[in-house]
Amino acid sequence: MIKNARILYVDLTARETRVETLDAETYRKYPGGSALGMYIMLSEMDPEVDPLSPDNMLIFSVSPLTGTPISGQSRMCVTTKSPLTGTAGDSQVGGFIPAAVKCNGWDSIVFKGKASSPVYLYIEGDKVEIRDASAMWGMITGDAEEAIAAELGHRSFESSIIGPAGENLVSYASIMHRLSRANGRNGVGAVMGSKNLKALVVKKAPAVVPEDFPAFKELTLNVKERMAANDVIVDTSLNGSAGCVDGHAAEGFLPSYNWDENIMEDWIKTAGTTITKTVLKERDTCFGCAIRCKGVVDIPGKAEPRYGGPEYETLATFGSYCGNTDLGDICHANQLCNMYGMDTISCGATIAWAMDCFEKGILTTEQTDGLELKYGNGEVFDILIKKIAAKEEGIGALLAKGSAAAAKELGPEAEDLVVACKGQEWPAHMVQFKPNLALNYAANPFGADHQSSEHDPALMAPDDDQNWLWPNMLDTFEKCDRYGVLDDNKAKFAYATQKFYAMMDTLCLCQFAWGPAWQLYGPEELVKFCKAAIGWDVTIDELQEIGERRINMMKLFNQKLGFTRKDDVLPKKAFLPVEYTEGEIAQITPEQFEQTLTTYYRYAGWDPETGNPTEETIKRLGLEWI
């Protein structure tokens, strides 16, 4: 059964800590992740706070399942008010620090206030220390981690660290774990920097012992057979998410030249298979996970192995978005973002937007500090990323705002070139290819996010591959045999899978192991996992409701800030027609989008006029207290 949650509160202003207990009944409704983070924020924080003020909260949360030795359970959510979007902010990371937090006995760590000088938090079981980090301030992430190890006198710790970008309050600054994993989205690193908090450091600890070990072991015994039987996981283990470059390009849907085109010539030079054959040093993994999806590259003079390697989104944003085919430049950009602590999606996409502006004469060399921001010029990444991280006056300070805010300074022509929702730059998945994501990007509470619902190609899978449709457990959907379809079926698909993904994010589960398209483990195994790991008797319906509750809490937070349907919009480039490899046109129209958005709202139980939860939905989910 779910036990009480232990929450560590850290008042950075007073440099004091305290422990509070959340009762098991309440924790069962908000069992971890950003659901727990949102419960705390909505209970204790005014949504109107400035995201970079001491009054904003920064909340690290795991789940009751975290720390048990099974693939895909080691995730951690950071919840805050986002400085990039102005909405409820959510950002997740994998690796080893989620398990370390849980194995030290903590379910959530809540930071309030602002330290008078730089600090880091050290946790070793119940021992909690706020330590001086003045000497580390200004250091890149790798140097800061070395300094922490030297001070502690050992390396038996896991850490989440900000770099100079977070310290300088870059709107899309990230929090880095093991130098290569990021709480990347929503500018959570800037919030951490605004609090003078350099790092969260947690002593390593033994794994959580499952409640029913024999039943738990039964789930993990045949993991190799499960992996071998799933082609998607086989490819993920071989090429990582970088393999998506190959798949998307083969279909003719690789966003290129700031979304003006759907393919880049010579894209194969940046493909995941190319990385595997040329610069891949090894594959890395997260705590307890057999999939090993994390690529580590080694390019002398360009990319050190300790900073990992580029994921699909990074290969696209610094590659095809920018018309750049130089793999070395992309890997170097990835390393710089990890060193200085910036989201590679927003950073690469913002640079691509700047290149688009430069190509169209909206930005000139006088405004770019003399840099030729032309498509294909990956050599500018080194200079530009460092300028952005430093918020250096000129082009650095402009691009540090993100493309949407920067465009407002340049005018309507520049704004038309932005590809973002709620101010957050798009991940590399074209809505002409995956129209369901048009709904998700627009309506998602914290802006464009490709990991908040399932993607459309799943509806095009052969019948024998559609076990993810969850017969007799969840909704089923009509098959789709062509791209560009946005209809009532997609609206139903969008919200049903969004609930499932929100549930995974609440339970801090990795979509590469527990997600519908990969499904190393499916819903039946998830229910068994809850029972075997913590003795939680739960149904898939209750789990889905947990996910739905999380989504609606975020919507209600935003509603308090005045967000309505008027904010659930797409950029102009979303409606461009795309001619793909079959010689056919894929396109969604504004009318089609608006009509289907209304249907999506109705499936979600939201008012079609306002886009916000109805009183009936609020009551059904037990959220009247908000």
Side-chain angles (χ1 to χ4, degrees), residues 8-18 51-60 76 78 80 83 91 93 95-97 100-101 104 106 108-170 173-184 187-204 306-307 336-342 386 389-391:
L8 174 64
Y9 280 83
V10 183
D11 184 336
L12 291 168
T13 302
R15 300 207 181 194
E16 295 176 347
T17 65
R18 73 179 195 274
L52 298 178
S53 75
D55 294 328
N56 195 10
M57 303 174 86
L58 185 71
I59 305 171
F60 295 75
M76 180 171 68
V78 171
T80 189
S91 188
V93 72
F96 292 79
I97 193 165
V101 169
N104 273 274
W106 301 103
S108 188
I109 303 167
V110 181
F111 291 97
K112 294 182 172 182
K114 177 181 180 178
S116 57
S117 60
V119 298
Y120 74 92
L121 187 75
Y122 179 71
I123 296 175
E124 184 175 341
D126 288 341
K127 182 174 80 172
V128 179
E129 299 174 347
I130 300 174
R131 296 188 169 202
D132 179 55
S134 298
M136 302 169 196
W137 204 252
M139 288 185 179
I140 60 172
T141 55
D143 291 349
E145 187 174 77
E146 291 295 323
I148 290 168
E151 181 175 302
L152 295 177
H154 64 79
R155 290 186 174 274
S156 184
F157 65 85
E158 302 295 345
S159 61
S160 288
I161 301 173
I162 61 167
E167 298 171 4
N168 294 323
L169 311 183
V170 172
S174 61
I175 304 171
M176 300 304 303
H177 164 55
R178 287 202 171 190
L179 312 185
S180 61
R181 282 95 162 168
N183 288 105
V188 293
V191 177
M192 194 161 165
S194 74
K195 296 184 176 301
N196 274 336
L197 179 62
K198 182 66 176 180
L200 165 65
V201 183
V202 186
K203 182 79 161 55
K204 292 181 181 179
R306 66 176 180 155
Y307 287 103
L336 289 172
C337 285
N338 291 351
M339 289 166 61
Y340 289 92
M342 284 189 286
K386 292 173 182 176
K391 238 178 182 177

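These numbers were taken from a predicted model, which means no experiment stands behind them.
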Q. Do Ile148 and Met136 have side-chain heavy atoms sitting under 4.5 Å apart?
A. yes

Q | Donor-acceptor contact below 3.5 Å, side chain Ser134 vs main chain Val119 | A | no

**Q.** Set of residues satisfying side chain to side chain contact (heavy atoms under 4.5 Å, CB included) with respect to Pro83, sequence neighbours excluded
**A.** Pro51, Leu52, Ala190, Val191

Q) Between the side chain of His177 and the main-chain N/O of Ala182, is any donor-acceptor distance below 3.5 Å? A) no

Q: Only counting residues at least two apart or in another chain, list the ones meeting salt bridge (charged side-chain N to carboxylate O under 4.0 Å, His left out) with Glu145.
A: none

Q) With sequence neighbours excluded, what pairs up with Asp55 under the salt bridge (charged side-chain N to carboxylate O under 4.0 Å, His left out) test? A) none

Q.
According to side chain to side chain contact (heavy atoms under 4.5 Å, CB included), who are the partners of Ala149, at least two apart in sequence or on a separate chain?
A. Arg155, Phe157

**Q.** Residue pair Ile162 / Gly189: nearest heavy atoms and the distance that separates them
**A.** CG2-O, 3.8 Å

Q | Partners passing side-chain hydrogen bond (donor to acceptor under 3.5 Å, both in side chains) against Lys391 (at least two apart in sequence or in another chain) | A | none

Q: Look up atom OG in Ser194 and atom CG in Leu12, then write down how far apart they are to the nearest 0.5 Å.
A: 9.5 Å

Q) Any side-chain heavy atom of Tyr340 within less than 4.5 Å of one from Pro164? A) yes

Q. Val201 versus Leu152: any side-chain heavy-atom pair under 4.5 Å?
A. yes

Q: Check step by step if side-chain contact (heavy atoms from CB on, under 4.5 Å) holds for Leu121 and Glu129.
A: CA-CA 6 Å; Leu121 187 75; Glu129 299 174 347; over 6 Å; no

Q) What pairs meet the ring pair (Phe, Tyr, Trp, His ring centres under 6.0 Å) rule with one or both residues in residues 109-148, with sequence neighbours excluded? A) Phe60-Phe111

Q: Sequence neighbours left out, what passes side-chain hydrogen bond (donor to acceptor under 3.5 Å, both in side chains) with Thr13? Give chain and number order.
A: none

Q.
If I take atom CE from residue Met76 and atom CG from residue Leu200, how far apart are they, to the nearest 0.5 angstrom?
A. 6.0 Å

Q.
I'd like to check the salt bridge (charged side-chain N to carboxylate O under 4.0 Å, His left out) partners of Arg18; sequence neighbours left out, ordered by chain and number.
A. Glu20

Q) Is the side chain of Lys114 donor-acceptor paired with the backbone N or O of Asn196 at a distance under 3.5 Å, no angle test? A) no

**Q.** Met176 vs Ser160 side-chain heavy atoms within contact, under 4.5 Å
**A.** no

Q | Lys386: side-chain hydrogen bond (donor to acceptor under 3.5 Å, both in side chains) partners, not counting sequence neighbours | A | Asp382

Q | Spacing of Leu58 atom CG and Ile175 atom CD1 [to the nearest 0.5 Å] | A | 5.5 Å

Q: Could you check Glu151 against Arg131 for side-chain contact (heavy atoms from CB on, under 4.5 Å), going step by step and ending with a plain yes or no?
A: CA-CA 10 Å; Glu151 181 175 302; Arg131 296 188 169 202; 3.4 Å; yes

Q. Okay, side chain of Lys195, backbone of Lys112: is any donor-acceptor separation there less than 3.5 Å?
A. no

Q: Using the test side chain to side chain contact (heavy atoms under 4.5 Å, CB included), find all partners of Thr17 that sit at least two apart in sequence or belong to another chain.
A: Leu8, Val10, Val128, Ile130

Q | Nearest non-hydrogen partners of Arg181 and Gly95, listed with the distance | A | NE-CA, 4.0 Å

Q | Exam field: side chain Asn168 to backbone Ala389, donor-acceptor pair closer than 3.5 Å | A | yes

Q | Expected output: side-chain Asn183 to main-chain Ser91 donor-acceptor under 3.5 Å | A | yes

Q | Atom of Lys203, atom of Ser156 and distance for their closest heavy-atom approach | A | CD-O, 3.2 Å

(Q) Run the side chain to side chain contact (heavy atoms under 4.5 Å, CB included) test against Ala100 and tell me which residues pass, sequence neighbours left out. (A) Glu158, Val202

Q) What residues, two or more places apart in sequence or in another chain, satisfy side-chain hydrogen bond (donor to acceptor under 3.5 Å, both in side chains) together with Ser108? A) Ser61

Q: Taking Lys198 for its side chain and Met139 for its backbone only, find out whether a donor-acceptor pair lies under 3.5 Å.
A: yes

Q: Could you tell me whether the side chains of Thr80 and Asn56 share a donor-acceptor contact shorter than 3.5 Å?
A: yes

